[in-house]
S.K.: 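Structure in structure tokens, see below.
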Amino acid sequence: MQQQKVRVRFAPSPTGGLHLGGVRTVLFNYLFAKQHNGDFVLRIEDTDQTRYVPGAEEYIMECLKWCGLNADESPLVGGPYAPYRQSERKPIYREYAEQLVKAGYAYYAFDTPEELEEMRTRLKTEENPSPQYNHAARAQMKNSISLSEAETAALLKNGTRHVIRIKMPDNEEVSFTDLIRGHVQFNTSTVDDKVLLKADGMPTYHLAVVVDDYLMKITHAFRGEEWLPSAPVHLLLWKYLGWEADMPQWAHLPLILKPDGNGKLSKRDGDRLGFPVYAMNWTDPKTGDLTKGFRENGFLPEAFVNMLAMLGWNDGSGQEIFSMDELIARFSLDRVSKSGAKFDYEKAKWFNHQYLLNADNNKLATLFEPVLKEKGITAAPEYVATIAGLVKDRCDFVNDIWNHGFFFFQAPETWDVTAVKPKWNADKTQFFMDWASVLETLSDFSLASVEESFKTLATSMNIKVGELQLPFRIMLTGGKFGPPVFNIAETLGKHETIQRIMNGLKAINA
RNA sequence: GCCGCGUUGGUCAAUCGGCUAAGACGCCUCCCUUUCACGGAGGAAUGACGGGUUCGACUCCCGUACGCGGUACCA
């Protein structure tokens, strides 16, 4: 094969929320394309009109945008191979299907859904629980192979509903080299005569993926492992259509499994175990049911993407935190693992934590703003940024800033006095009274001067510094939590700190 | 049932025939800190099984078991 521009595609069907496995497929596509200065195409696989969900397409694009995985060509931005929505390409597929029929690689089938159902129940046995429409069965069914030419022509002429099926050869070996799995081989007699063109004139995935990958000059095709069993159908189609030389290289990605037990991770597992599975919140327009997304759960897109990249890939060095640019530079298919990976939400949180730790405080303040707004609190951005910087090392999510720093925005109304009462005495009350007066006179209310005055006074009054710190903390925050006390005091400022000492004193001595 | 793919600690995983089997998450202990974290130092915990091939197998081959995927006019 000669040098040609790398072109990859992600082809979701707009039927609902975007699963994290889908995002990972996009990511691998994207990384591969960018690494090779290639194109990343977004194609909408909307050939099943019964499953079409309005809004899903826009939602998917919004997810990709959030992740920073924008397509070079898509229904939204267009491109040289438009249209990118398969429903809008409908006439194209029939042409190729008919071409296959003429060449003897496919045939018309007139069986009704009821007749297919009948065939399946009739042929169903203990050893063969799912009978196929294959080389053996097709002779007994109503199609252009079992019927005479005249009968077929007549049926076609009076507009009998029909599909076009691929005629799988009887006993041929089909093999290819998967970029991840290596040599993979199938015998054609184990695969059925897949429908290529449905009765409504729409192609099935099998036909559409081949035709569009060809027409859109796709060079590398990445998809989930669940597609591996139908690969021989696609391989044969490339051959029968005469495009074998242009067939993309396949890479079947390992599945993302549920954390407990086995099997593919599904939306239901997330609901059941309390973590998101979709990239963003998704509301089913029919039922109104809301499924939570990573974005709304407080994940930073960079962390989400990084986490997904490590689910099935690593560069062998042990490094786990990668920027998008590093991922693009280092990604390689031969380091993608073959086996599925169980999703670990704890590890996902750790990734987010890492990104939170390294995030700019002003950025965190901006992201936290909506939370404050929701609580009816207004605060200066710089103030919020300072707080974010103070508490972020104990947060997994942006929203946690509230849990670890709420007292910066509202003075305590209750105090954990039981934590100080046992060791409390009049000297300590005196200390805080005196210290409050000292603070009043401080011209520089900085961390260093506040702390120094605290320690100086404690020493002169002969009280252990350590025994005063917890009470002070509780005066400022109401409980045993928060960043270092003097940092809290400095951030709160002179007035508020003194105020809280007085209120706290009252509560403790009450 | 049949076909395909897979199988290293609880989880993600390195190892491409030399292993005293990395690292990370989580868990536990200790230090730091009279909050909680962060940080630091330790710890417990792994090659499904049986045959080959080989001087030597976690690594290669075969079989078995187990798991997963597929077996739709869904993708």
Side-chain angles (χ1 to χ4, degrees), chain A residues 11-15 45-48 50-51 109 111-113 116-117 120 124-134 161-165 178 180-181 184-187 189-192 194-206 208-209 223-232 252 254-255 257 259-264 307 310-321 334-335 337-351 353 357 391-395 404 416 419 423 464-471 473-474 477 479-485 488:
Chain A
S13 56
T15 54
E45 208 101 36
D46 57 347
T47 54
D48 187 348
T50 63
R51 293 213 307 160
D111 317 278
T112 63
L116 289 173
E117 183 60 35
R120 290 197 178 102
K124 189 171 178 174
T125 61
E126 191 93 331
E127 307 80 57
N128 185 11
S130 17
Q132 298 184 312
Y133 197 118
N134 59 15
R161 277 178 78 82
H162 64 276
V163 301
I164 291 177
R165 286 179 180 272
D178 187 274
I180 293 171
R181 279 146 223 290
V184 183
Q185 194 172 67
F186 300 86
N187 187 293
S189 40
T190 65
V191 1
D192 59 345
K194 292 274 182 236
V195 169
L196 264 22
L197 199 75
K198 300 187 251 191
D200 65 1
M202 279 289 194
T204 59
Y205 171 84
H206 306 296
V209 72
R223 58 189 358 177
E225 191 188 349
E226 69 266 30
W227 288 108
L228 203 46
S230 53
H252 290 90
L255 265 20
L257 278 11
D260 60 337
N262 296 302
K264 279 201 281 188
M307 180 272 293
M310 300 309 291
L311 219 49
W313 174 85
N314 72 80
D315 78 343
S317 72
Q319 182 178 340
E320 294 190 279
I321 301 297
D334 54 348
R335 292 205 63 90
S337 59
K338 297 177 178 64
S339 50
K342 288 185 181 174
F343 179 65
D344 181 358
Y345 189 56
E346 291 304 316
K347 188 74 186 248
K349 287 201 293 199
W350 177 81
F351 275 104
H353 183 235
L357 247 35
V391 304
K392 67 181 178 184
D393 58 2
R394 62 213 78 197
C395 297
H404 293 286
D416 183 3
K423 290 184 184 173
K464 276 191 200 141
V465 173
E467 292 201 4
L468 293 165
Q469 284 200 34
L470 188 61
R473 167 178 300 283
I474 287 167
T477 70
K480 298 186 338 183
F481 37 67
V485 247
I488 300 176

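The chains referred to below are lettered A, B, ... by the order of the sequence lines, with proteins before strands, and numbering in each begins at 1. Computed from heavy atoms alone, side chains included, the values below leave out hydrogens, waters and symmetry copies.
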S.K.: Dump the pairs, protein N or O against N or O of nucleotides 6-8 of chain B, anything under 3.5 Å, distances to one decimal.
M.R.:
none

S.K.: Tell me whether A/Asp344 is salt-bridged to A/Lys347, with the criterion being a basic N under 4.0 Å from an acidic carboxylate O.
M.R.: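 Between A/Lys347 and A/Asp344 there is no salt bridge, as every charged N stays at least 4.0 Å from the carboxylate O atoms.
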S.K.: Does the protein touch nucleotides 28-44 of chain B at the base, only the backbone, or not at all? Give it as B, S and - per nucleotide, heavy atoms under 4.0 Å.
M.R.: ------BBBBS------
S.K.: Give the nucleotide from the list B/C73, B/U71, B/C25 with an atom nearest to the side chain of A/Asp192.
M.R.: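 Of all the options, the side chain of A/Asp192 is nearest to B/U71.
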S.K.: Any sub-3.5 Å donor-acceptor pair from A/Asp178's side-chain atoms to A/His252's backbone N or O?
M.R.: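 Pair found, side chain donor or acceptor close to backbone of A/His252.
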S.K.: Any base atoms under 4.0 Å from A/Asn128, or only sugar-phosphate, or nothing? Heavy atoms, all strands.
M.R.: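 Counting heavy atoms under 4.0 Å across all strands, the contact made by A/Asn128 includes a base.
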S.K.: For RNA chain B, what dot-bracket results from Watson-Crick or G-U pairs at under 3.5 Å, with [ ] for crossers and | for inter-strand partners?
M.R.: (((((((..(((.....[....))).(((((.......)))))....(((((..]....))))))))))))....
S.K.: With a non-hydrogen cut-off below 4.0 angstrom, is A/Asp111 in contact with a base, only sugar-phosphate, or nothing?
M.R.: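 Since a base atom lies under 4.0 Å of A/Asp111, the category is base.
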S.K.: Side chain of A/Arg181, backbone of A/Lys338: donor and acceptor closer than 3.5 Å?
M.R.: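 Pair found, side chain donor or acceptor close to backbone of A/Lys338.
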S.K.: Distance between the C1' atoms of B/U11 and B/A44, in whole angstroms?
M.R.: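 The same atom, C1', in both gives a distance of 16 Å.
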S.K.: From the list B/C73, B/A24, B/A13, which nucleotide is the closest neighbour of the side chain of A/Glu320?
M.R.: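 Of the options given, the side chain of A/Glu320 lies nearest B/A24.
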S.K.: Of the candidate nucleotides B/A75, B/G26, B/G70, which contains the atom at the shortest distance from the side chain of A/Lys264?
M.R.: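 Ranking B/A75, B/G26, B/G70 by closest atom to the A/Lys264 side chain puts B/G70 first.
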S.K.: Rounded to whole angstrom, note down the P distance from B/C16 over to B/U59.
M.R.: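 Each nucleotide's P atom is 13 Å from the other's.
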S.K.: Backbone N or O of A/Leu228 within a donor-acceptor pair of the A/Arg223 side chain at under 3.5 Å?
M.R.: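 A pair under 3.5 Å: no.
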S.K.: Can you find a side chain N or O atom of A/Ser130 that sits less than 4.0 Å from OP1 or OP2 on B/G1?
M.R.: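 No, no such contact exists.
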S.K.: What is the separation between atom NE2 on A/His206 and atom P on B/A75, rounded to the nearest whole Å?
M.R.: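 Computing the A/His206:NE2 to B/A75:P distance gives 7 Å.
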S.K.: Of the nucleotides B/C3, B/G69, B/A13, which one has an atom closest to the side chain of A/Leu255?
M.R.: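 Shortest atom-to-atom distance from the side chain points to B/G69.
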S.K.: Report the nucleotide, chosen from B/A14, B/U71, B/G67, that has the shortest atom-to-atom distance to any side-chain atom of A/Lys194.
M.R.: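 My answer, after comparing the listed nucleotides, is B/U71.
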S.K.: With respect to the phosphate group of B/C73, does any side-chain polar atom (N or O) of A/Arg120 fall under 4.0 Å of OP1 or OP2?
M.R.: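 Indeed, a polar side-chain atom of A/Arg120 lies that close.
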S.K.: Between the main-chain N or O of A/Trp313 and the side-chain N or O of A/Arg335, is there a donor-acceptor pair closer than 3.5 Å?
M.R.: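 Between the backbone of A/Trp313 and the side chain of A/Arg335 there is no qualifying donor-acceptor contact (under 3.5 Å).
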S.K.: Looking at A/Arg120 and A/Ser130, would you say the former's side chain and the latter's main chain have a donor-acceptor pair under 3.5 Å?
M.R.: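 The answer is no, because no donor-acceptor pair under 3.5 Å joins these two groups.
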S.K.: Say whether, by atom type as modelled, one donor and one acceptor occur between the side chain of A/Lys480 and the main chain of A/Asp416 under 3.5 angstrom.
M.R.: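 No: the side chain of A/Lys480 does not pair with the backbone of A/Asp416.
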S.K.: Give the nucleotide from the list B/A13, B/C68, B/A75 with an atom nearest to the side chain of A/Ala341.
M.R.: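 Given the options B/A13, B/C68, B/A75, the side chain of A/Ala341 is closest to B/A13.
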S.K.: Side chain of A/Pro229 only, please: which of B/G70, B/C74, B/U71 is the nearest?
M.R.: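 For A/Pro229, the side-chain atoms sit closest to B/G70.
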S.K.: Could you check whether any side-chain heavy atom of A/Leu470 comes within less than 4.5 Å of a side-chain heavy atom of A/Lys423, counting everything from C-beta outward?
M.R.: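 A side-chain contact is absent here, since even the closest heavy-atom pair is not under 4.5 Å.
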S.K.: Expressed as a whole number of angstroms, how long is the span from A/Tyr345:OH to B/C25:P?
M.R.: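 In whole Å, B/C25 P and A/Tyr345 OH are 17 Å from each other.
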S.K.: Counting only N and O atoms by type, is there a donor-acceptor contact under 3.5 Å from the side chain of A/His404 to the main-chain atoms of A/Arg394?
M.R.: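 Pair found, side chain donor or acceptor close to backbone of A/Arg394.
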S.K.: Counting only N and O atoms by type, is there a donor-acceptor contact under 3.5 Å from the side chain of A/Thr204 to the main-chain atoms of A/Val195?
M.R.: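 Yes: the side chain of A/Thr204 pairs with the backbone of A/Val195.
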S.K.: Quick one: is A/Ser317 getting a side-chain N or O under 4.0 Å of the B/G23 phosphate, OP1 or OP2?
M.R.: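 For A/Ser317, the contact criterion (side-chain N or O under 4.0 Å from OP1 or OP2 of B/G23) is not met.
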S.K.: Relative to the 5' end of RNA chain B, which residue comes earlier, A/Leu197 or A/Gln185, by the nucleotide with the nearest heavy atom?
M.R.: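 Closest to the 5' end, via its nearest nucleotide, is A/Gln185.
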S.K.: So does A/Asn314 get a side-chain nitrogen or oxygen closer than 4.0 Å to the phosphate oxygens (OP1/OP2) of B/C12?
M.R.: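 It does not, given that no N or O in the side chain of A/Asn314 lies less than 4.0 Å from OP1 or OP2 of B/C12.
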S.K.: Between B/C5, B/A24, B/G1, spot the one nearest the side chain of A/Lys347, thanks.
M.R.: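 Among B/C5, B/A24, B/G1, the one nearest the side chain of A/Lys347 is B/A24.
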